[in-house]
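Letters go in sequence order (proteins before strands), and every chain restarts at 1.
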Number of protein chains: 2
Amino acid sequence: MKALVFDKQLTFRNDIPQPEVPPGEALIKVLMAGVCNTDIEITKGYMGFHGIPGHEFVGIVEEVNDADQGLLGKRVVGEINCACLKSSCEYCKQDLGRHCPGRTTLGIFRRDGCLAEYITLPIVNLVEVPEHIPTSVATLTEPLAAGFEILEQVDIKPDDEVLIVGDGKLGLLINHALSTSNANITHVGKHAGKLKLIEGLGGKTQVLDSSADFLQKQFDVVVEATGSITGFRFSVQHTKPRGILVLKSTLASDQSIDLSPVVINEITVVGSRCGLFQQAVDYLATGVDLEPLITAVYPAGQAMKAFEHAKTKGSLKVLIEFAKQ
Amino acid sequence: MKALVFDKQLTFRNDIPQPEVPPGEALIKVLMAGVCNTDIEITKGYMGFHGIPGHEFVGIVEEVNDADQGLLGKRVVGEINCACLKSSCEYCKQDLGRHCPGRTTLGIFRRDGCLAEYITLPIVNLVEVPEHIPTSVATLTEPLAAGFEILEQVDIKPDDEVLIVGDGKLGLLINHALSTSNANITHVGKHAGKLKLIEGLGGKTQVLDSSADFLQKQFDVVVEATGSITGFRFSVQHTKPRGILVLKSTLASDQSIDLSPVVINEITVVGSRCGLFQQAVDYLATGVDLEPLITAVYPAGQAMKAFEHAKTKGSLKVLIEFAKQ
């Protein structure tokens, strides 16, 4: 099958064997897959991963190695953490399989990913995509679920002042997720064009550097979605004493950070990663138009070009189409 | 009056005017005052503070500029943050005067401290010390209250596994505070002699590097009380996924820190600073013996020597006696 493979360098190959289907798992024909910043980081050595990257996809279930064949032929998305699900596992028994110490993670840790024609995933990870959601939009389920994860972890109150820092695709999807909370949202970033995409959601937007006044304000909840040290410092500075700062992107490692304002202002910093898919799919099912977040769709044969496009500044989500439905 | 004064360098002077007593404040004759790491940091430029350092004291109320003269002649300790207490202040109206943006802080920010014969403090900041608590022990109220602050911020459950990292005086006092919570406490540090001082409190202690086995374990709640980057990394590493890491000491600024494990493991980092005094005084009133935490008591004339002693590795609390009761 065709696949992007990372092994010291990224290559496009068409001689990769189709995966075997372990018990309890399904074989999924990938329709479309998204390129995420994590995939780009992986090609720089992140997680020491070697194999097929990619963890955002929509596909069709072609084979099910289980008595329950209910999902056969269905269009699905899939949660990326594959847990041990043993009753003895402290995390799995709390429904926190995404923290299972024995987990594999699609395209990130000990499991080939979805920038390929076929993948396998545990059946329990799959969520059916309602017919009226376009395949392209449904590929955004994974990062959108990561946005909804914030609402799982933080009790955002209706009158809370919330600041989202960063207008990349994750930042914009976080705005979608948090817009369901009735908080007062302000979103700052460097790109007027990107911020425009979420203006219809009800919150305020502001291009940074445009107003010295803004810089004086502090918020009850701040969500850092830039992944940059500058963004982190800005976020700490704009979190109220006793406020909450959600860290949504992994900061590039070993940069200089002054944590003393966190102590002095008794800020709670909440690390936040993957979320549950059902809530994200339900949100997409309301008919929200996320097409503007998709910058380009490339055919599988141009997967390398798609990967390069995803790296360019200004691009939002770049998709690769492996098969038509 | 006699006082230690920091202005570019630390000096001992005996020509400092006794402070005027503003309305709502009391004049306090200092009996004993403690030297804190923060005072040492101040002499290195922390907070840009100039004036009399010091924020840990026990004193006698000598004058009260208020209708209520109830505390006159009493032996007191005092909370170090002096808030605006205006009804329009978002923090003061929530009883969070220690985060009041208009606050001054004893010996740290815009208010002379207690390494002097006399100070003034708002009457509302003062807490009477029960007679049977020795003055030396009562000087530990401030750092002990900082330990109790953790219980204000974090819901520690009876069966939680709690790790305290660092066996300096703050770490040891944190153990005293958390020992009231019925959690399972493990305390690690580098000094067998210091860890011995809290063995009677019921938790486990372990000198670091003595057991490779220990290093595998992760905890529900970890309290970082070393103030070192090594201690911070160790603490992150030993916090369970979805666990809580309490930052109790301000890390020296701008050091390299990798925050990606906080995101990946969805750790909640809780910055924690000053606490309420009453709980700490009530704990001291139970008769707990904290004398072993006091390394030395110097007369006022040897204040500079006391300051130097407090800087030496291995010392715990160093006190300066400004007056006998």
Is B/Glu266 reaching over with its side chain to a backbone N or O of A/Arg273, donor-acceptor style, under 3.5 angstrom?
-> yes

Give, for atom OG of A/Ser260 and atom CG of B/Leu247, the distance between the pair rounded to the nearest 0.5 Å.
-> 10.5 Å

Checking A/Ile264 against chain B: side chain, backbone, both or neither under 4.5 Å from a heavy atom?
-> both

Start with the C-alpha gap between B/Glu90 and A/Lys240, add the side-chain angles, then the distance that decides, and say whether side-chain contact (heavy atoms from CB on, under 4.5 Å) holds.
-> CA-CA 11 Å; B/Glu90 175 181 355; A/Lys240 277 187 184 171; 2.7 Å; yes

Count the heavy atoms of every other residue, nucleotide or ligand shown that sit under 6.0 Å from CG of B/Asp159, and state whether that count exceeds 12.
-> yes

Carefully, step by step, assess B/Thr268 and A/Thr268 under the rule side-chain contact (heavy atoms from CB on, under 4.5 Å).
-> CA-CA 7 Å; B/Thr268 295; A/Thr268 295; 3.4 Å; yes

Rounding to 0.5 Å, atoms CD (B/Gln153) and CZ (A/Arg242) come to a distance of 4.5 Å

Against chain B, label A/Gln94 side chain, backbone, both or neither, depending on which of its atoms sit under 4.5 Å from a heavy atom there.
-> neither

A/Tyr46 portion near chain B, given a 4.5 angstrom heavy-atom threshold = side chain

Between atom OG of B/Ser249 and atom CG of A/Leu259, what is the distance when rounded to the nearest 0.5 Å?
-> 10.5 Å

Under 4.5 Å from any heavy atom of chain B - which part of A/Ile244 = neither

With a 4.5 angstrom heavy-atom cut-off, which part of B/Leu96 approaches chain A: side chain, backbone, both or neither?
-> side chain

